[in-house]
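First comes the structure, then the notes that go with it.
Indexing begins at 1, ligand by ligand and atom by atom, following the structure's order. Nothing fancy with the numbering, it's 1 onward along the sequence. For the numbers below, each heavy atom of this structure counts, side chains included, while hydrogens, waters and symmetry mates do not. Keep in mind the model is a prediction, meaning the values are calculated, not measured.
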Amino acid sequence: MKSEFKKAFIFDLDGVIVDTAKYHFLAWKNLAESLDILFSEEENEQLKGVSRVKSLEKILKWGNKTISEEKFNNLMTKKNEEYLSYVDAMSKEDILPGVLETLNYLKENDYPIALGSASKNARRILNKVELYSYFEYIVDGNEVSKAKPDPEVFLKGCELLAVEPQHSIVFEDSQAGIQAANNAHMTSVGIGDESVLSEADFNFKSFSEISEDVLKTLINFKK
Ligand code: BG6
Ligand code: MG
């Protein structure tokens with residue numbers, strides 16, 4: 001049965017719960033440099049929320065490079081190995097400020113919570129930072145075929161949580177993710193730079209700004 005009354009929450013992972021966006025940037029930057037491709041912070045912004053394959057395609061396009069399928073696959077493996085070397089050094093100390101307080105409030109008040117991430121490493125990261133048990137469902141890069149801004153990842157989350165998208169609230173740090181939430185008619189909450197995430201229904205610099213009163217405002221908001 002679809003719940004008409006209780007709002008549900010879907011969290012992106014990278015850049016929202018943990019600051020892994022900086023590790024993705026480092027690993028992509030090193031890879032781009034090894035191919036003599038210059039890669040700026042602005043370009044990196046366009047990779048947030050974007051799958052591993054699509055990210056490498058974009059980098060190669062910016063650098064005007066064509067490579068064989070074998071090299072492409074080797075580069076993806078190399079990037080992921082470097083990325084995971086950073087991830088494996090993470091612990092619960094790496095949860096971004098305010099995230100735990102929000103998750104605890106939602107848990108204590110029985111709000112359904114899911115994860116909606118493009119990453120294929122989402123479960124590994126949640127385990128590293130000891131947050132796995134907070135999520136009723138995890139929808140990650142292994143379960144979706146269409147990348148954000150397509151809303152597939154969030155719609156799957158809604159289906160599993162048995163809530164209508166318009167009764168769901170998404171926390172996102174990427175343009176593509178905010179667009180995905182908006183495309184699904186969900187309440188979109190941008191975490192990060194407001195100028196980048198201006199399409200969001202709400203904007204906050206970090207979860208430190210999200211008090212219980214703010215959560216109540218989000219819960220009562222009608223799109
Ligand atoms: C997203 C990140 O959450 O996951 C992207 O914002 C990343 O930067 C994508 O490319 C895929 O992640 P992974 O861990 O499967 O390479
Ligand atoms: Mg993200």
Side-chain angles (χ1 to χ4, degrees), residues 9-32 39-62 72-90 94-96 99 102 114-129 131 135 138-154 156-157 169-182 186 188-194 196-197 199-200 203-207:
F9 287 80
I10 302 189
F11 288 70
D12 173 47
L13 174 67
D14 295 313
V16 167
I17 292 176
V18 282
D19 193 10
T20 38
K22 68 183 177 204
Y23 301 145
H24 280 296
F25 176 57
L26 253 178
W28 283 131
K29 195 172 161 52
N30 286 337
L31 181 141
F39 171 52
S40 67
E41 296 251 10
E42 286 74 48
E43 283 161 338
N44 183 55
E45 210 54 59
Q46 296 175 47
L47 300 186
K48 287 187 182 171
V50 172
S51 71
R52 206 179 305 165
V53 174
K54 286 258 176 298
S55 298
L56 183 51
E57 283 172 1
K58 277 178 187 265
I59 291 171
L60 293 171
K61 198 165 162 228
W62 293 330
F72 189 98
N73 290 333
N74 288 343
L75 287 174
M76 285 222 301
T77 304
K78 206 169 147 243
K79 185 267 170 180
N80 198 46
E81 280 170 2
E82 180 176 338
Y83 175 68
L84 289 180
S85 71
Y86 305 131
V87 162
D88 285 342
M90 289 174 80
D94 291 291
I95 299 169
L96 283 166
V99 170
T102 299
L115 192 92
S117 166
S119 172
K120 294 189 170 174
N121 298 304
R123 286 176 167 82
R124 182 166 175 155
I125 295 170
L126 286 178
N127 272 321
K128 290 292 309 175
V129 299
L131 286 181
F135 296 89
I138 292 169
V139 187
D140 69 10
N142 299 296
E143 278 116 52
V144 292
S145 55
K146 295 181 212 128
K148 299 170 186 176
D150 188 285
E152 184 187 14
V153 63
F154 295 140
K156 278 207 167 162
I169 298 159
V170 170
F171 294 112
E172 256 294 347
D173 72 316
S174 71
Q175 274 170 0
I178 292 294
Q179 288 163 357
N182 289 342
M186 302 161 94
S188 54
V189 183
I191 306 290
D193 186 343
E194 189 171 350
V196 175
L197 306 173
E199 292 164 83
N203 283 94
F204 301 98
K205 281 194 188 64
S206 79
F207 271 91

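Annotation: Asn121 places an N or O atom under 3.5 Å from an N or O atom of ligand 1; distance criterion only. Looking at ligand 1, you won't find any N or O of Asp12 less than 3.5 Å from one of its N or O atoms.
Angle OD2 (Asp12) to the Mg ion (ligand 2) to OD1 (Asp173): 90°, rounded to 10°.
In this structure, the side chain of Glu152 engages the main chain of Lys146 through a donor-acceptor pair within 3.5 Å. Looking at Asn203, its side chain does come within 3.5 Å of a backbone N or O of Leu197 through a donor-acceptor pair. Between the side chain of Lys54 and the backbone N or O of Ala147, no donor-acceptor pair lies under 3.5 Å.
At a 4.0 Å cut-off, not a single heavy atom of Ser174 sits close enough to ligand 1 to count as contact. In this structure, Gly49 counts as a contact residue of ligand 1, since one of its heavy atoms falls inside 4.0 Å of the ligand.
Every atom of ligand 1 is numbered from 1 in the order shown, and the set under 4.0 Å from a heavy atom of Ser55 is 10 (O). The ligand atoms of ligand 1 that sit less than 4.0 angstrom from a heavy atom of Lys48 are 6 (O). Within the listing of ligand 1, atoms 5 (C), 8 (O) sit less than 4.0 angstrom from a heavy atom of Leu47.
The shortest heavy-atom contact between Lys29 and Phe39 is CA-CD2, 3.5 Å. Scanning both residues, Thr20 and Gly15, for their nearest heavy atoms gives OG1-N, 4.0 Å. Nearest approach of Leu75 to Leu31, heavy atoms of both residues: O-CD1, 3.4 Å. Nearest heavy-atom pair across Ala114 and Phe135 is C-CD2, 3.5 Å.
From the protein, the heavy atom lying nearest to atom 15 (O) of ligand 1 is Lys120 N, 2.6 Å. Scanning the protein heavy atoms around atom 12 (O) of ligand 1, the nearest turns out to be Ser119 CA, 3.3 Å. In terms of protein heavy-atom proximity, atom 2 (C) of ligand 1 is closest to Asp14 OD2, 3.5 Å. Among protein heavy atoms, the minimum distance from atom 16 (O) of ligand 1 is reached at Arg52 NE, 2.7 Å. Shortest contact from atom 10 (O) of ligand 1 to any protein heavy atom: Val50 O, 2.7 Å.
By the 4.0 Å N-to-carboxylate-O rule, Lys148 lies close enough to Asp12 to be salt-bridged with it. Under the 4.0 Å criterion applied to side-chain N and carboxylate O atoms, Lys48 and Glu45 are assigned as salt-bridge partners.
Nearest N/O/S atom of Asp14 relative to the Mg ion (ligand 2): this is O.
Under 4.0 angstrom from ligand 1, there are no non-hydrogen atoms of Thr20. If you look at His24 next to ligand 1, the close heavy atoms, those under 4.0 Å, all belong to the side chain.
Put simply, the residue from Leu13, Ile17, Ile125 that forms a side-chain contact (heavy atoms from CB on, under 4.5 Å) with Leu131 is Ile17.
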